[in-house]
Trainee: 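One structure coming up, written as structure tokens, with questions to follow.
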Amino acid sequence: MEKYVRSHISSERNANKLRKDQILKTIFQFAAIVSGSAIVLIVLFVFMKGIQPFLPGYEAGQVNFAEFLFGTTWRQDQGIYGVGYIIINTFLSAFGALLLAFPVSVLTALFIAKIAPKWLAGIMTTIVELLASIPSVVYGVFAAGAITTMIMNLANSFGVVTAGGSSLLAVVLLLAIMIFPTITSLSITAIRSVDPTLEEGSLALGATRTQTNFKVVLISAKSGIFAGAILGIGRAFGEATAVAMVAGNKLFGPTFDLFDITRTLTSTMLAGLKETTGLDYDIRFSVGLVLMAVILISNLILNAIKKKVGNHK
Amino acid sequence: MKVSGNRKKRKVYDGVLQGITYLFSGISVVVLLALFIFIFSKGSGLINSDLLKNDYWSQNYLAETVNSTSGTYEKPSDLSEEAYFSSKWGIAFVDHVDAHKEKQILVEYIDEASPLAAMKDVSIKTDIKDFSLEVGMQIEKLQFTDVNDSVKLAGGIMKQNAQQLAETLDQSANTIQSMYVKTAGGGIRGSILSTLYLLVVSLCIALPIGIASAIYLNEYAKKTRFNALLRSGIETLTGVPSIVFGLMGVTVLFPVTQLFGATTTSILLGSFTMSIILLPTIIRSTEEALLVVPQHLRDASLSVGANQSQTIFKIVLPCAVPGMLTGILLSIGRIIGESAALIYTMGTFISDQPTLTTQGTSLAVHIWSVMSGEQPNFELASAISIIILLFVLILNFAVKLLSKRLSKAWY
């Protein structure tokens, strides 16, 4: 072996070099472990803080867990915390938004990927990207100023009085706008990756372009489109600032009337945040815990549905 | 006959579907336009250098004149037409309506030799300081004596406007005794500073950790279960709503900021929280860049005797620079736009002198602060939104340019 290593390379320096290599690797590995374990820390600590109000011996008075989870009143001033109707409201607003945004997103994606000429597709893609990059607080300002005014006028024409336009409908519209770019961009990817031979086959059998688009392309891409919808609804559940600006924070519920004010999990967590101690603050962690559970459960259900309706390959 | 009928039906059907597709695609354009028009029409009136320079909270001063006698001053030729000049006191006023729709009288011009230019600040009786009336300050109350030596009041408190105030001073004021002055508020200087702090600190933390993690995952990690777990852990982070990051910040990271002397929620805590939010973004964009570095470059480097760390730092990383830059730009966009997590970790108190260990608001949280009060201030919120949108647009554009470069090797 010796004769292959040139004499001026000292084995000591070589060993040094390798040791440095090992140290560096350890540092990189440590960083990766820190990044990877952040999620565990988040879940663990929010869980620990979130269940505190329900444990016996909680200093501000123990809260009954069943009453919290199924309650239909949220009165901070009276110390009544019931999150049940808020969960229903959150589901209503998120799925309402999905209902509105889904057809618009899918058709926009179809337009961009299949129908529009190249230059128009470029412009439309830029518009979708812009909508995706606008921060939620800016959407909030827009919603609180423009969408609520629109709804107020709409409600007036029906003879309904709204609380300055803050309403379930405002939340639904706002969320629909906010999840639109997410669903669209994932749908575009899904539609673009449809096997072109399928389309050609359909066209060759005499189907029109539009028939092919709707009956072959969209159906083949449904798995990816569904993934977009799942991501979109996740965003709708977690959206906080903008929703809090137009929700109106109803004290009881659930709200089924589109023109009535509502209250979602996230708007509850942000409403009247002043103190940083006490039950009123700690209970927000419990609400956060419920929010995480809601997202997780709906994700699991939607993924199960996706497997059912998706394409088996 | 039957076939042509079917074809006609098909055509109508197709036309309807096509029409719906066009219509729905137009919705996004309408929404984007509506948003821009709304934000710009509401906010553009406030966009000027004062907004960027001024403090948010106005300071109040009670100032007494040192030399209370009048003189004769010349009206400057470049004085604007809306300003009313008092030649006896060498000062000009304008009317102004602030963001809360309140009428104010502001100082538009003041002569250097005017007795009002050099006064004493007697707001705190035991600590009297020199005070000079400056352009842009608001005259709330002005106490003067007339020819009969009786004390009179003038200014905004007497429901006067700028013209009346200037006339009163010229016609009846013999000596000016004291005045109650407010500096202009409503600015976002403090929030801009806080946002800068936030940007610098969170990037300083997130970049090294993120890039190191990406290097480990891409260059070192073998396909073990543990590494797959790390990967999915990082991916899950992207799906966590930002408000939950806020909750995490105040429980997990608050004790860490206490080591640095923070007693409440602080900009430092916001930065720490933000750096965790940024991790997946940075890791992903760095990894994407590392993936396109050709394997033969690494092989060549290793075969000429470089060890792995040399290969990474001297060969792989320089090739991945555009990808890391993309990550940084995306992160900046995320930091500027983030609100929910920061409301929990930085607090909503708008601070004019932000420091790392005290509360402060980033621009986005500033918007939340002025919007969540009893009287939402749409003008200011829209003006800040314009600034944020401008940044976001520039960043978006830069990312597009970069990714174009990224798609072909630049080395």
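Every chain is numbered from 1, with letters handed out A, B, ... down the list of sequences. All values below were derived from every heavy atom in this structure, side-chain atoms included, with hydrogens, water molecules and symmetry-related copies excluded.
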Trainee: Mind ranking A/Asn299, A/Val104, A/Asp21 by heavy-atom pairs under 4.5 Å with chain B and telling me who comes out on top?
Mentor: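 Most heavy-atom pairs under 4.5 Å with chain B: A/Asp21.
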
Trainee: Using non-hydrogen atoms and a 4.5 Å limit, figure out which bit of B/Val365 sits close to chain A: side chain, backbone, both or neither.
Mentor: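 Contact with chain A: none, neither part.
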
Trainee: Without swapping roles, check the side chain of B/Thr21 against the backbone of A/Leu107 for a donor-acceptor pair under 3.5 Å.
Mentor: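 A pair under 3.5 Å: no.
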
Trainee: Heavy-atom pairs under 4.5 Å with chain A are the metric here; pick the option from B/Pro376, B/Ser28, B/Ala381, B/Pro241 that has the most.
Mentor: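 Between B/Pro376, B/Ser28, B/Ala381, B/Pro241, the count favours B/Ser28.
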
Trainee: Pick one of side chain, backbone, both or neither for B/Leu247, based on which atoms fall under 4.5 Å of a heavy atom in chain A.
Mentor: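 Contact with chain A is through both the backbone and side chain of B/Leu247.
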
Trainee: Select one option (side chain, backbone, both, neither) describing which atoms of B/Ile343 are under 4.5 Å from chain A's heavy atoms.
Mentor: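 Both backbone and side chain of B/Ile343 come within 4.5 Å of chain A.
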
Trainee: Among B/Leu17, B/Ile367, B/Val252, B/Leu279, single out the residue with the greatest number of heavy-atom pairs under 4.5 Å to chain A.
Mentor: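 Answer, by heavy-atom pair count under 4.5 Å with chain A: B/Leu17.
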
Trainee: Tell me whether the rings of A/Tyr281 and B/Tyr344 are parallel (<30°), tilted (30 to 60°) or perpendicular (>60°).
Mentor: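 Rings of A/Tyr281 and B/Tyr344: tilted, 30 to 60°.
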
Trainee: So A/Ile33 and B/Phe226, do their side chains get closer than 4.5 Å, heavy atoms only?
Mentor: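 Counting from C-beta outward, B/Phe226 and A/Ile33 do come under 4.5 Å.
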
Trainee: Do you know which of B/Phe245, B/Tyr22, B/Tyr13, B/Tyr220 has the most heavy-atom pairs under 4.5 Å to chain A?
Mentor: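 Of the options given, most contacts go to B/Tyr220.
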
Trainee: So for atom CZ, which belongs to A/Arg235, do other residues, nucleotides or ligands contribute more than 12 heavy atoms lying within a distance under 6.0 Å?
Mentor: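 Yes, because the 6.0 Å sphere around CZ of A/Arg235 holds more than 12 heavy atoms from other groups.
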
Trainee: Run the numbers on B/Ser25 and A/Ile112 for side-chain contact (heavy atoms from CB on, under 4.5 Å), then give the verdict.
Mentor: CA-CA 8 Å; B/Ser25 312; A/Ile112 292 174; over 6 Å; no

Trainee: Looking only at heavy atoms, which two atoms of A/Ala144 and B/Met371 are closest? And how far apart?
Mentor: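 Reported closest heavy-atom pair: CB-CE, 3.7 Å.
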
Trainee: Check whether B/Leu229 gets within reach of chain A through its side chain, its backbone, both or neither, counting any heavy atom under 4.5 Å.
Mentor: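 Neither part.
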
Trainee: What part of A/Ile177 is in contact with chain B, defined as an atom under 4.5 angstrom from a non-hydrogen atom: side chain, backbone, both or neither?
Mentor: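 The side chain, not the backbone.
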
Trainee: Measure distances from B/Lys42 to the heavy atoms of chain A and classify the residue's part below 4.5 Å as side chain, backbone, both or neither.
Mentor: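 Nothing of B/Lys42, per the 4.5 Å heavy-atom cut-off to chain A.
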
Trainee: Give a yes or no on whether B/Lys400 atom NZ has more than 12 heavy-atom contacts from other residues, nucleotides or ligands under 6.0 Å away.
Mentor: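 Yes, enclosed.
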
Trainee: So for B/Ile209, is it side chain, backbone, both, or neither that comes closer than 4.5 Å to the heavy atoms of chain A?
Mentor: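 Both backbone and side chain.
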
Trainee: Relative to chain A, which segment of B/Leu389 carries a heavy atom at a distance below 4.5 Å: side chain, backbone, both, or neither?
Mentor: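 Interface part for B/Leu389: side chain.
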
Trainee: Is A/Met292 close to chain B through its backbone or its side chain, or both, or neither, when contacts mean heavy atoms under 4.5 Å?
Mentor: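 Just its side chain gets close to chain B.
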
Trainee: Side chain from CB out, backbone as N, CA, C, O: work out which of these in A/Leu289 comes under 4.5 Å of a heavy atom of chain B, or both, or neither.
Mentor: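 For A/Leu289, there is no contact with chain B at all, as no heavy atom is under 4.5 Å.
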
Trainee: With chain A, which of B/Ile20, B/Ile234, B/Leu35 has the greatest number of heavy-atom pairs at distances under 4.5 Å?
Mentor: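 Most heavy-atom pairs within the cutoff with chain A belong to B/Leu35.
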
Trainee: Side chains of residues 130-139 of chain A: which donor-acceptor partners sit under 3.5 Å, not counting sequence neighbours?
Mentor:
from	atom 1	to	atom 2	distance (Å)
A/Ser133	OG	A/Glu129	O	3.3
A/Ser133	OG	A/Leu130	O	3.0
A/Ser136	OG	A/Glu239	OE2	3.2
A/Tyr139	OH	A/Leu131	O	2.6

Trainee: Report which part of B/Arg10 has an atom under 4.5 Å of a heavy atom belonging to chain A: side chain, backbone, both, or neither.
Mentor: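 Side chain of B/Arg10 only, per the 4.5 Å heavy-atom cut-off to chain A.
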
Trainee: Is A/Pro181 close to chain B through its backbone or its side chain, or both, or neither, when contacts mean heavy atoms under 4.5 Å?
Mentor: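 Answer is neither: A/Pro181 stays 4.5 Å or more from chain B.
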
Trainee: Side chain from CB out, backbone as N, CA, C, O: work out which of these in A/Phe285 comes under 4.5 Å of a heavy atom of chain B, or both, or neither.
Mentor: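 Contact with chain B involves both backbone and side-chain atoms of A/Phe285.
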
Trainee: B/Ala221 versus chain A, heavy atoms under 4.5 Å apart: side chain, backbone, both or neither?
Mentor: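 No part of it gets close to chain A.
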
Trainee: Pick one of side chain, backbone, both or neither for B/Asn396, based on which atoms fall under 4.5 Å of a heavy atom in chain A.
Mentor: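 Side chain of B/Asn396 only, per the 4.5 Å heavy-atom cut-off to chain A.
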
Trainee: Quick check on B/Phe36: does its CZ atom have over 12 non-hydrogen neighbours (other residues, nucleotides or ligands) under 6.0 Å away?
Mentor: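 Result for CZ/B/Phe36: enclosed.
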
Trainee: Can you tell me if CZ on B/Phe391 sees more than 12 non-hydrogen neighbours from other groups inside 6.0 Å?
Mentor: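 Not buried by this count: 12 neighbours or fewer within 6.0 Å.
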
Trainee: Could you check B/Gln310 against A/Lys17 for side-chain contact (heavy atoms from CB on, under 4.5 Å), going step by step and ending with a plain yes or no?
Mentor: CA-CA 9 Å; B/Gln310 283 170 324; A/Lys17 225 165 125 183; 3.2 Å; yes

Trainee: Only pairs of heavy atoms separated by less than 4.5 Å count here; which of A/Ile147, A/Ile115, A/Ile295, A/Leu231 has the most with chain B?
Mentor: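 Result: the option with the highest number of such pairs is A/Ile115.
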
Trainee: With a 4.5 angstrom heavy-atom cut-off, which part of A/Leu291 approaches chain B: side chain, backbone, both or neither?
Mentor: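 When you check distances to chain B, only side chain atoms of A/Leu291 fall under 4.5 Å.
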
Trainee: Considering only heavy atoms, which portion of A/Met269 lies under 4.5 Å from any heavy atom of chain B: side chain, backbone, both, or neither?
Mentor: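 For A/Met269, backbone and side chain are both near chain B.
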
Trainee: Please look at B/Phe254 and chain A and tell me whether the side chain, the backbone, both or neither of the residue comes under 4.5 angstrom of a heavy atom of that chain.
Mentor: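 Looking at B/Phe254, nothing touches chain A.
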
Trainee: Identify which part of A/Phe30 has an atom lying under 4.5 Å from any heavy atom of chain B, answering side chain, backbone, both or neither.
Mentor: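 Contact with chain B involves no heavy atom of A/Phe30 at all.
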
Trainee: Tell me, out of B/Leu217, B/Leu32, B/Ile388, who's got the most heavy-atom pairs with chain A below 4.5 Å.
Mentor: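 It is B/Leu32.
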
Trainee: Where on B/Ile27 is there a heavy atom nearer than 4.5 Å to chain A: the side chain, the backbone, both, or neither?
Mentor: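 When you check distances to chain A, only side chain atoms of B/Ile27 fall under 4.5 Å.
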
Trainee: Find the one option among B/Gly210, B/Ala212, B/Ser382 whose heavy-atom pairs under 4.5 Å with chain A are most numerous.
Mentor: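 With the most close heavy-atom pairs to chain A, the winner is B/Ala212.
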
